[in-house]
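Before any comments, here is the structure.
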Amino acid sequence: MLLFLWLWLWLWLWLWLWLLLLLLLLLFFLLLLLNSRHSRNSRFPPSVVVFAVPPMRWTQTLIPTLKETPADAEVVSHKLMLRAGLIRKLASGTYNYLPLGFRALNKVVHIVRDEMDRAGANEILMPALQPVELWKETGRYEAFGPIMCQFQDRTGRMNVLGPTHEEVVTDIVRNEINSYRQLPITLYQIQVKFRDEIRPRFGVLRSREFIMKDAYSFDVDTAGMDKSYEKMYEAYGRIFTRCGLVFRVVQADSGLMGGSASCEFMVPSPAGEDLIVSCECGYGANIEIAEGPVAGVADSRVGSIPPPEPVSTPGSHTVEQVCRAMDGRPADLVKTLICTSGGKPFAALVRGDHELSIPKLIRSLKSADVALADAATIQRVTGGPLGFSGPVGLTIPIYADRAVAAMSEAIVGGNRADTHLRHAVWNRDYKAAEVWDLRMAVDGDPCPKCGRRTAVTHGIEVGHVFKLGTKYSDALKAHILTEAGKGIPAVMGCYGIGVNRIVAACLENASDDRGIQWPWAIAPYHVLVTSVDLKKPKVAEASQRIYEALSAARDPETGEAFEVLWDDRDSQAGVKFKDADLIGIPLRVTVGKAVEQGNVEVKSRKKEGFTTVPVDPVSKVVEAVQTAARGPIIFSAAPAP
RNA sequence: CGGGGCGUAGCUCAGCCUGGCUAGAGCGCUUGGUUCGGGACCAAGAGGUCGCAGGUUCGAAUCCUGUCGCCCCGACCA
């Protein structure tokens, strides 16, 4: 009896052991299978493998499309982002990213990360919450002013929500790096920034909270910094190209960041808040710093010009009003702008048809603290009210634009209410301490490089690279020991990308009147399966099969998995087609009445027409989508359904 | 911050000037039905502290005061 029980137990044990073995074997094969798929994938350089997301049914996600445009949207990208259900506003300048919008944003994040890593930068994460003391150390607490979001914590300490992170990275470096052997190094993060913008606008293009990729390079010397800068510059080009953007690189002002050189990456678009000057020869610059033409010299008729003569110009304080009152052209006027720098007043002169560029003034004066004077200061230093200032008889320093120095005579303010002077002559009636390039460039100015006509266009700033030098490492004492054993401040560069802006900039240029046309690389999904009338068993069955087959398929060239969205809603065909065009998924497979003949249609969002493919075998549909994903496909002559 | 404008249903808006029944329309939403390849139709329904607070008045979405929010135009930036 005992023996029997014993044997029985043994048998049991054996059985279980075998079963376990079998299971293990199965697991092993499964892993092998998965691994083989993965290794197939790894043939491709990491640059093209973005990330695969699971397929999705429309009814199981949140895509709240809008038929009507919300009233507060002004620019194309903003309208489209709202209408296609990408974002929703929470408050002024803050937005919720809904599933579709977040997926696109994430695609950009992955591309940026991939290229930064490829360029040898190291990803870190710094806190958005920062002690105000750090900012006071560099003096930027004052420089940023009210743009910084700040608050007091329980202990009474002041904190800021970082608008950027130069101070914090430099603090890391000052604490952790002390030898030239540890350099060069570039640190970056993709993180949220806070700026209490004076005026948030254009949706996600200018918001109070946004995602920025910010990188910072540290080198022992300027030559090293130049190299680090170059690497980032190249990476930027790759990033924007991969995101499907058309962009220009222009020379820019380094503004609050400080430093020696900087370039902006601009996407030309009427929605852009920046103005850029560009020339066929490749020259490009932000209008703030674009070099104005060297004007000629005043002609020699000076002798024959009568002395300045006061003219009554009641109420005329704008250039136009003065022109009307004096019967002149704007180009006959000299505008006198009273400014202050470090509390001291001075006058800046530009021709009546030109605009003063404050950034140019800042660069020429080598003082960051330049502002237009208020009415009281103007009254005090000129003796006249705002709108009637002129250079004649002024005792404060005068700086003139080159074009002013080239005028033989001019109409100027009389420094008295309702009075202007005519026949004011340069170097006879008024003089300038310096003649500089101070005016904003205008459309048609000759190119400073080649002399041809330049054009002024709007641009969206998606990236900005700066050669900072030692501004921050000096201020924060981020010193390193050189080979010779000498302590020197690290030479820095900093590099920003507006991640949200990339998405918006992309929509500005990749859309038509029906909706978005996502570039493949950042499309929230690659393929949309549109089922017309799912109540028909044939449609339902074919859709399901296609959805599954496509979800398992890969782009043969990149190895990327197809990301598939299935419009399985029970709504009318019209609604589905309109929404499909609106959300702009690059490829659409329409499962509808053609299934009766055993066919479906494959269509590209960007092109008219479609290809008809048999549903059986499904591999045919997959093939058609794979072909379409890779560029032009042969379309049948039939118009879009 | 200065100038202009707007807050009424999820969205687009009417009603306000000249105070007066239970505050409206279109779209969207729910249910049922007919439809079903480019935002269809019929029927029934849900949904509103009229931004908020105070005042005037017998009575306020409407008039007055304050306040908050939002948008647009100008000086900042990814």
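In what follows, every chain begins at residue 1, and chains take the letters A, B, ... in the order their sequences are listed. These numbers come from a predicted model, not from an experiment. Values below: every heavy atom of this structure, side chains too, minus hydrogens, waters and symmetry copies.
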Does any donor atom in the side chain of [X] or [Y] lie under 3.5 Å from an acceptor atom in the other side chain?
X	Y	result
A/Ser543	A/Arg545	no
A/Thr530	A/Asp567	no
A/Glu508	A/Ser77	yes
A/Asp214	A/Gln191	no

Could you state the atom-to-atom distance from [atom1] of [X] to [atom2] of [N] in whole Å?
X	N	atom1	atom2	result
A/Lys576	B/A40	NZ	C1'	16 Å
A/Ile289	B/C77	CD1	P	14 Å
A/Leu372	B/C76	CG	P	9 Å
A/Gln189	B/A78	CD	P	14 Å
A/Lys578	B/C27	NZ	P	16 Å
A/Glu273	B/A75	CD	C1'	12 Å
A/Tyr95	B/C71	OH	C1'	10 Å
A/Met232	B/A78	CE	C1'	16 Å

Using a 3.5 Å cut-off and no angle test, enumerate the donor-acceptor pairs between side-chain atoms of residues 493-503 of chain A and protein atoms at least two apart in sequence or in another chain.
{"residue": "A/Tyr495", "atom": "OH", "partner": "A/Ser217", "partner atom": "OG", "Å": "2.7"}
{"residue": "A/Asn500", "atom": "OD1", "partner": "A/Tyr97", "partner atom": "OH", "Å": "3.0"}
{"residue": "A/Asn500", "atom": "ND2", "partner": "A/Ile211", "partner atom": "O", "Å": "3.1"}
{"residue": "A/Arg501", "atom": "NE", "partner": "A/Leu205", "partner atom": "O", "Å": "2.8"}
{"residue": "A/Arg501", "atom": "NH1", "partner": "A/Glu461", "partner atom": "O", "Å": "2.8"}
{"residue": "A/Arg501", "atom": "NH2", "partner": "A/Leu205", "partner atom": "O", "Å": "3.3"}

If I pick the [atom1] atom on [M] and the same atom on [N], what distance separates them, to the nearest angstrom?
N	M	atom1	result
B/G74	B/U49	P	37 Å
B/C21	B/G3	C1'	43 Å
B/A25	B/G48	C1'	14 Å
B/C70	B/G33	P	45 Å
B/A61	B/U30	P	32 Å
B/C52	B/G39	P	39 Å
B/G69	B/G55	P	23 Å
B/C6	B/U12	P	16 Å

Using only side-chain N and O atoms of [X], determine if any of them is under 4.0 Å from OP1 or OP2 of [N].
X	N	answer
A/Ser92	B/C71	yes
A/Lys89	B/C71	yes
A/Arg83	B/C27	no
A/Arg88	B/G10	no

Classify [X] by what it touches in the nucleic acid, base, sugar-phosphate, or nothing, heavy-atom distance under 4.0 Å.
X	result
A/Asn500	nothing
A/Glu264	nothing
A/Asp579	base
A/Val462	sugar-phosphate
A/Gly145	nothing

- Task: Classify the ring geometry between A/Phe346 and A/Tyr399 as parallel (under 30°), tilted (30 to 60°) or perpendicular (over 60°).
- Result: perpendicular
- Message: Looking at B/A78 and A/Phe210: do their rings stack (centroid distance under 5.5 Å, interplanar angle under 30°)?
- Response: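 Yes, A/Phe210 stacks on the base of B/A78, since the ring centres sit under 5.5 Å apart and the planes are within 30°.
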- Start at the 5' end of RNA chain B and walk down; is the nucleotide closest to A/Val532 or to A/Ser207 reached first? A/Val532
- Message: Let me spell it out: for each of A/Lys536 and A/Gln572, pick the nucleotide of RNA chain B with the closest heavy atom. Which residue's pick is nearer the 5' end?
- Response: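 Result of the comparison: A/Lys536.
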- Does anything in residues 60-79 of chain A reach RNA chain B, meaning a heavy atom under 4.0 Å, and if so which residues?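 Close to the strand are A/Lys67, A/Glu68, A/Thr69, A/Pro70, A/Ala71, A/Asp72, A/Glu74.
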- Where along residues 123-130 of chain A does a heavy atom fall under 4.0 Å from RNA chain B? none
- Message: Looking at A/Lys606, I'd like to know if its NZ atom is crowded, meaning that more than 12 non-hydrogen atoms belonging to other residues, nucleotides or ligands lie closer than 6.0 Å.
- Response: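 Count over threshold, so yes.
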- Got more than 12 heavy atoms from elsewhere within 6.0 Å of CD, A/Glu355?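 No, CD of A/Glu355 has 12 or fewer neighbouring heavy atoms, counting only those of other groups under 6.0 Å.
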- Query: Any donor and acceptor pair, going by atom type alone, linking the side chain of A/Asp401 with main-chain N or O of A/Arg439 inside 3.5 Å?
  - Reply: yes
- Message: Looking at A/Glu209 and A/Phe194, would you say the former's side chain and the latter's main chain have a donor-acceptor pair under 3.5 Å?
- Response: no
Mind checking who [N] pairs with, Watson-Crick or G-U wobble, both distances under 3.5 Å?
N	result
B/U56	none
B/C41	B/G33
B/C17	none

Could you go through nucleotides 1-3 of chain B and list every protein N or O atom that sits under 3.5 Å from one of its N or O atoms, giving the distance for each pair?
none

- Using ring-ring contact (aromatic ring centres under 6.0 Å, His included) as the criterion, point out the one residue from A/Tyr229, A/Phe247, A/Phe265 that pairs with A/Tyr236. A/Phe265
- Message: Show the nearest heavy-atom pair for residues A/Lys535 and A/Asp570, with the distance to one decimal.
- Response: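 A/Lys535 and A/Asp570 have their closest heavy atoms at NZ-OD1, 3.5 Å.
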- Message: If you take the centroid of each ring, where Trp contributes its six-membered ring, are A/Phe466 and A/Tyr216 closer together than 6.0 Å?
- Response: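 No; A/Phe466 has its ring centre 6.0 Å or more from that of A/Tyr216.
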- Query: Within 45° of the six-membered ring axis of A/Phe210 and under 6.0 Å from that ring's centre, is NZ or CZ of A/Lys193 located there?
  - Reply: no
- Is NZ or CZ of A/Arg88 both nearer than 6.0 Å to the six-membered ring centre of A/Tyr95 and within 45° of the ring axis? no
Would you tabulate the pairs of protein nitrogen or oxygen atoms and nucleotide nitrogen or oxygen atoms of nucleotides 45-48 of chain B closer than 3.5 angstrom?
none

- Shortest side-chain distance from A/Lys535, nucleotide among B/C36, B/C77, B/G38: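 Within the option list, the nearest is B/C36.
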- Message: Suppose we call a contact any N or O donor and acceptor under 3.5 Å apart; does that hold for the side chain of A/Asp581 and the base of B/G38?
- Response: yes
Which atom pairs, one a donor and one an acceptor, fall under 3.5 Å between side chains of residues 122-130 of chain A and the rest of the protein, sequence neighbours left out?
{"residue": "A/Asn122", "atom": "ND2", "partner": "A/Thr186", "partner atom": "O", "Å": "3.1"}
{"residue": "A/Glu123", "atom": "OE1", "partner": "A/Arg113", "partner atom": "NE", "Å": "2.7"}
{"residue": "A/Glu123", "atom": "OE1", "partner": "A/Tyr188", "partner atom": "OH", "Å": "3.3"}
{"residue": "A/Glu123", "atom": "OE2", "partner": "A/Arg113", "partner atom": "NE", "Å": "3.3"}
{"residue": "A/Glu123", "atom": "OE2", "partner": "A/Arg113", "partner atom": "NH2", "Å": "3.0"}
{"residue": "A/Gln130", "atom": "OE1", "partner": "A/Trp135", "partner atom": "NE1", "Å": "2.8"}
{"residue": "A/Gln130", "atom": "NE2", "partner": "A/Pro127", "partner atom": "O", "Å": "3.3"}
{"residue": "A/Gln130", "atom": "NE2", "partner": "A/His165", "partner atom": "NE2", "Å": "2.9"}

- Task: Before accepting this row, confirm whether a basic side-chain N of the pair A/Glu166/A/Lys471 lies closer than 4.0 Å to the acidic partner's carboxylate O.
- Result: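 No salt bridge links A/Glu166 with A/Lys471.
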